There are 2 protein chains.
Amino acid sequence: MPSLGPIGNFDLVKKINMEHALSTILQYRPLSRAKIASLTGLNKMTVSSCVDLFVQKGFVVELGTTGTSRGRPPTLVDLNEKAGICVGVDIEINHFTVLITDLLGKRLDSKVFPLQSKDPFFFVEKISIVLRDIVRDHGTRQLGIVGVGIVIPGYYNIRTDVVDFSANLQEWNDFPLRAELSKRVPDTAFYINPAPYAGAMGEVHFGGAKSAHHLVYVTSSWGLSAGVYSKGELFTGSTGTAGRLGHSTIHMNGKKCTCGSRGCWEMYASIKALYELLDTTPQALSFAEIVEGIKRGDSRMTSAVHELGHYQGIGLANVVNAYNPKVICIGGLLALLGPTLINSIWNTLREMIPERFLLNLEIYCSDLGELGIAHGGVSMVLRHLSGMIIEHSLLEQPKV
Amino acid sequence: MPSLGPIGNFDLVKKINMEHALSTILQYRPLSRAKIASLTGLNKMTVSSCVDLFVQKGFVVELGTTGTSRGRPPTLVDLNEKAGICVGVDIEINHFTVLITDLLGKRLDSKVFPLQSKDPFFFVEKISIVLRDIVRDHGTRQLGIVGVGIVIPGYYNIRTDVVDFSANLQEWNDFPLRAELSKRVPDTAFYINPAPYAGAMGEVHFGGAKSAHHLVYVTSSWGLSAGVYSKGELFTGSTGTAGRLGHSTIHMNGKKCTCGSRGCWEMYASIKALYELLDTTPQALSFAEIVEGIKRGDSRMTSAVHELGHYQGIGLANVVNAYNPKVICIGGLLALLGPTLINSIWNTLREMIPERFLLNLEIYCSDLGELGIAHGGVSMVLRHLSGMIIEHSLLEQPKV
DNA sequence: ATTATTTAGTATAACGTATATACTAAATAT
DNA sequence: ATATTTAGTATATACGTTATACTAAATAAT
């Protein structure tokens with residue numbers, strides 16, 4: 001049975017219509033009250049009462065009028081993007097990145113901090129200091145810190161609310177990340193997701209997959225894993241480890257993997273595999289040099305990437321079969337290989353899957369760059385923006 | 001952006017609360033109005049007004065009072081399961097099964113019809129006659145035919161509304177099944193889904209996965225494919241072919257498959273593969289005899305099933321990684337192999353996936369039997385029952 | 001220049017649903 | 001026989017949407 005949500009009453013009606021009005025503003029901003037009414041189907045008065053409340057609380061601002069057509073010129077309204085800030089934190093093995101944005105997701109500041117220890121408490125202490133500074137600097141805004149999106153290099157158990165890594169960073173296993181953060185930085189909303197989930201959300205919000213209804217984002221770097229976004233929300237599975245594709249088998253009895261199994265996709269289609277194909281090491285040949293070589297048309301590197309693309313294609317064929325996405329986005333370092341990679345992926349896909357099942361599919365490489373995953377963290381926060389604004393708007397409403 | 005649904009007004013409030021009341025009746029029936037109020041959080045008067053409307057329209061009946069506790073004895077109300085009927089149609093290659101149930105999904109009648117031709121029009125004409133008879137016999141009930149759930153041996157494109165098979169039954173490709181059915185049997189709701197999707201819904205509604213939030217149902221017969229049920233709804237993908245796992249690669253460069261690719265799961269873990277392992281044919285050794293042999297403890301057959309289970313396990317490990325389900329249900333003929341199969345599946349899973357990711361997982365074989373898939377078709381209809389009852393209840397409401 | 005027309009937005013009263021309060025109904029416990 | 005408890009109903013109230021009538025402010029037409 002799908003859960004039924006809240007019961008119907010005046011509160012709910014008000015909230016639903018505020019949500020309609022606000023979402024429309026966020027999507028079409030700036031626009032007039034009249035436009036909101038026609039877009040949403042809401043009554044003019046309903047729109048006015050909602051918008052006026054937002055304006056009164058400072059979440060929405062009235063811009064001037066702009067008379068283009070006939071009749072009384074409309075008063076444009078827009079989100080007050082300064083009414084609060086969002087924070088995205090991208091944790092990697094040796095460092096973490098903190099990104100601060102306004103309510104539109106525009107970068108205000110970002111900073112990289114080294115992680116000298118693999119102890120999760122070391123990270124928690126360090127980020128707490130950073131966050132407390134941010135709260136001090138921005139806490140006076142109407143909304144203060146809307147939330148903090150934490151992106152972790154592994155999985156987070158959404159049932160038990162603890163970290164669920166396996167191989168790398170074993171020290172983090174079973175660490176109650178949210179609880180430890182909340183203890184140190186109270187009254188702050190934390191949203192925690194694995195990197196590929198954040199990547200998917202970032203692409204939908206900021207990247208090339210805007211408003212895609214069915215997206216699979218594949219982080220391809222030293223490891224491989226996927227974030228699945230479907231019909232407006234993440235597909236997490238029962239505990240939050242859906243999309244753990246790096247260790248799915250594409251070649252049983254194949255190469256031994258660090259995870260203990262054999263023939264994992266990761267062994268054939270990650271950067272590690274690329275270096276094996278090139279029979280060299282990152283020390284001898286940096287990844288940037290490979291990217292450069294591809295652009296130059298270096299034949300040895302190109303053919304290695306083609307072979308890598310073939311293996312990527314085998315795994316992505318499984319992705320197509322499993323999730324039937326509309327869009328596949330390649331993220332991580334391998335995204336820099338661009339069309340060279342994509343082409344050979346397509347070649348393999350066409351060999352493996354009947355044309356019929358490929359008609360509705362696009363594949364592209366992310367171009368959000370360095371801060372892409374941190375922006376994904378911000379998008380996890382922005383997803384809750386309208387709910388938070390509505391909550392604040394209904395707070396302390398003076399009874400007449 | 002998640003779509004925002006209807007705007008908030010009195011109609012919506014009424015519908016939401018009717019939905020709460022009715023769903024509670026369906027789930028806890030029979031029960032009193034007071035109990036509905038306490039379970040839903042609705043006001044007593046709200047519950048009364050909803051229930052009274054249902055009773056007046058004949059969808060809900062008042063049973064007698066049952067005084068157990070102190071105080072005025074409650075009046076129990078229950079769904080009037082005779083207020084309409086549901087139809088499930090399970091199409092297979094050579095025949096189709098029609099199941100008629102009451103509003104609780106209880107079998108009223110079922111019948112198997114041969115399919116002498118592979119022409120989809122042949123099927124459509126034949127089922128139309130059957131359905132028109134059903135309409136004639138049951139059309140007078142309050143709801144008439146709530147809907148017809150059609151289960152097809154392949155995929156259905158939910159974007160273009162046409163059949164999307166590939167290899168088997170190529171004649172059906174691009175056939176606009178819903179349109180052709182609606183043309184012949186008007187004013188009837190048709191719900192069309194592939195067999196594994198229906199299987200998943202059937203298990204959630206009638207089988208061993210009741211109210212599971214994350215289920216993957218794997219039909220294992222001559223082919224393999226999966227239906228994914230997550231958080232109260234099917235995971236369909238963008239066109240409706242998600243879960244096409246029979247042709248996902250578990251052994252690249254492996255056995256050539258009928259689909260043109262190589263190393264498909266289906267080549268190693270289906271009944272076809274079992275017969276290859278046993279080096280015999282269905283003519284020489286029926287599947288029923290194999291099932292019998294397993295129960296008897298026949299060592300040759302048992303070891304073949306163990307090996308089959310190993311290959312099933314490899315594919316199911318990929319299922320666990322991809323979808324992170326709480327429950328995996330094995331359906332189709334291989335479900336009859338029961339614990340023998342399940343045990344070796346578990347052995348392989350434990351070799352391939354860290355214990356941490358298996359803690360929240362159950363695997364079982366479906367025991368819904370012969371009519372399981374047809375019941376899945378019925379569950380596709382029942383999913384719309386409360387909505388349909390509410391719609392009918394609000395129809396022709398006399399204005400005061 | 002004046003008037004008609006068009007579009008934006010507001011004021012006000014009516015509508016309809018939930019809800020609180022007071023009530024009746026019907027049982028058991030004292 | 002009375003008090004108490006629980007179920008369910010009757011009635012008045014509260015409140016957000018909504019229809020109607022209105023004001024505001026622009027352009028187009030005369």
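If you're wondering where the values come from, they're calculated on a predicted model, not measured in any experiment. Every heavy atom of this structure was used, including side-chain atoms; hydrogens, water molecules and symmetry mates were not. Chain identifiers are assigned alphabetically (A, B, ...) following the order of the sequence lines, protein sequences preceding nucleic acid strands; residue numbering begins at 1 within each chain.
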(request) Looking only at non-hydrogen atoms, find the nearest pair between A/Gly105 and A/Val378 and report the distance. (result) CA-CG1, 4.3 Å
(request) Measure from NZ on A/Lys44 to P on D/dA24 and round the result to the nearest Å. (result) 14 Å
(message) Can you measure B/Ile36 atom CD1 to D/dT6 atom C1' for me and round it to whole angstrom units?
(response) 16 Å
(message) If you assign A/Cys50 and A/Arg70 each to the DNA chain D nucleotide with the nearest heavy atom, which residue ends up on the more 5' nucleotide?
(response) A/Cys50
(message) Applying a 4.0 Å non-hydrogen cut-off, can you work out what B/Thr75 is touching in the nucleic acid: base, sugar-phosphate, or nothing?
(response) sugar-phosphate
(message) Between A/Asn17 (side chain only) and B/Gly8 (backbone N and O only), is there a donor and an acceptor less than 3.5 Å apart?
(response) yes
(request) Look at the side chain of A/Lys14 and the base of D/dG16, then say whether one donor and one acceptor between them are separated by less than 3.5 Å. (result) no
(request) Give the minimum heavy-atom separation between A/Thr40 and A/His20, together with the two atoms involved. (result) CG2-O, 3.9 Å
(request) Using atom CZ of B/Phe10 as one end and atom C1' of D/dA19 as the other, report the distance to the nearest whole Å. (result) 13 Å
(message) Quick check: on DNA chain D, is the nucleotide nearest A/Ser49 upstream (toward 5') of the one nearest A/Pro73, or the reverse? Name the residue that is more 5'.
(response) A/Ser49
(message) Assuming nearest nucleotide by heavy-atom distance, tell me which of A/Asn9 and A/Asp52 is located more 5' along DNA chain C.
(response) A/Asp52
(message) Measure CG/B/Asp11 against C1'/C/dC15 and give the value in whole Å, please.
(response) 12 Å
(message) Rounded to whole Å, how long is the line connecting atom CG of A/Leu76 with atom P of D/dA26?
(response) 14 Å
(message) What is the distance, to the nearest angstrom, from the CG atom on A/Asn17 to the C1' atom on D/dT18?
(response) 12 Å
(request) Give, for atom CZ of B/Arg29 and atom CG of B/Leu104, the distance between the pair rounded to the nearest 0.5 Å. (result) 4.5 Å
(request) For residues A/Asn9 and B/Asn43, determine if any side-chain heavy atom of one lies less than 4.5 Å from a side-chain heavy atom of the other. (result) no
(message) Using five base pairs at each end to define the local axes, how bent is the helix from C/dA1-D/dT30 to C/dT30-D/dA1, to the nearest 10°?
(response) 20°
(message) What's the closest nucleotide to the side chain of B/Ser48 if the choices are C/dG9, D/dG8, C/dC15?
(response) D/dG8
(message) Under a 4.0 Å threshold between the charged nitrogen and the carboxylate oxygen, would A/Arg141 count as salt-bridged to A/Asp102?
(response) no
(message) Please confirm whether the shortest side-chain N or O distance from A/Thr65 to OP1 or OP2 of D/dA26 is below 4.0 Å.
(response) no
(request) Calculate the interatomic distance between A/Met45 atom CE and C/dT12 atom C1'; express it in whole Å. (result) 9 Å
(request) Compare every heavy atom of A/Phe59 with every heavy atom of A/His392, then report the nearest pair and how far apart it is. (result) CB-CZ, 3.5 Å
(request) Return yes if the base of D/dA25 and the side-chain atoms of A/Arg72 contain a donor-acceptor N/O pair under 3.5 Å, otherwise no. (result) no
(message) Using whole Å, what does the distance between atom P of nucleotide D/dT13 and atom CG of B/Asn43 come to?
(response) 17 Å
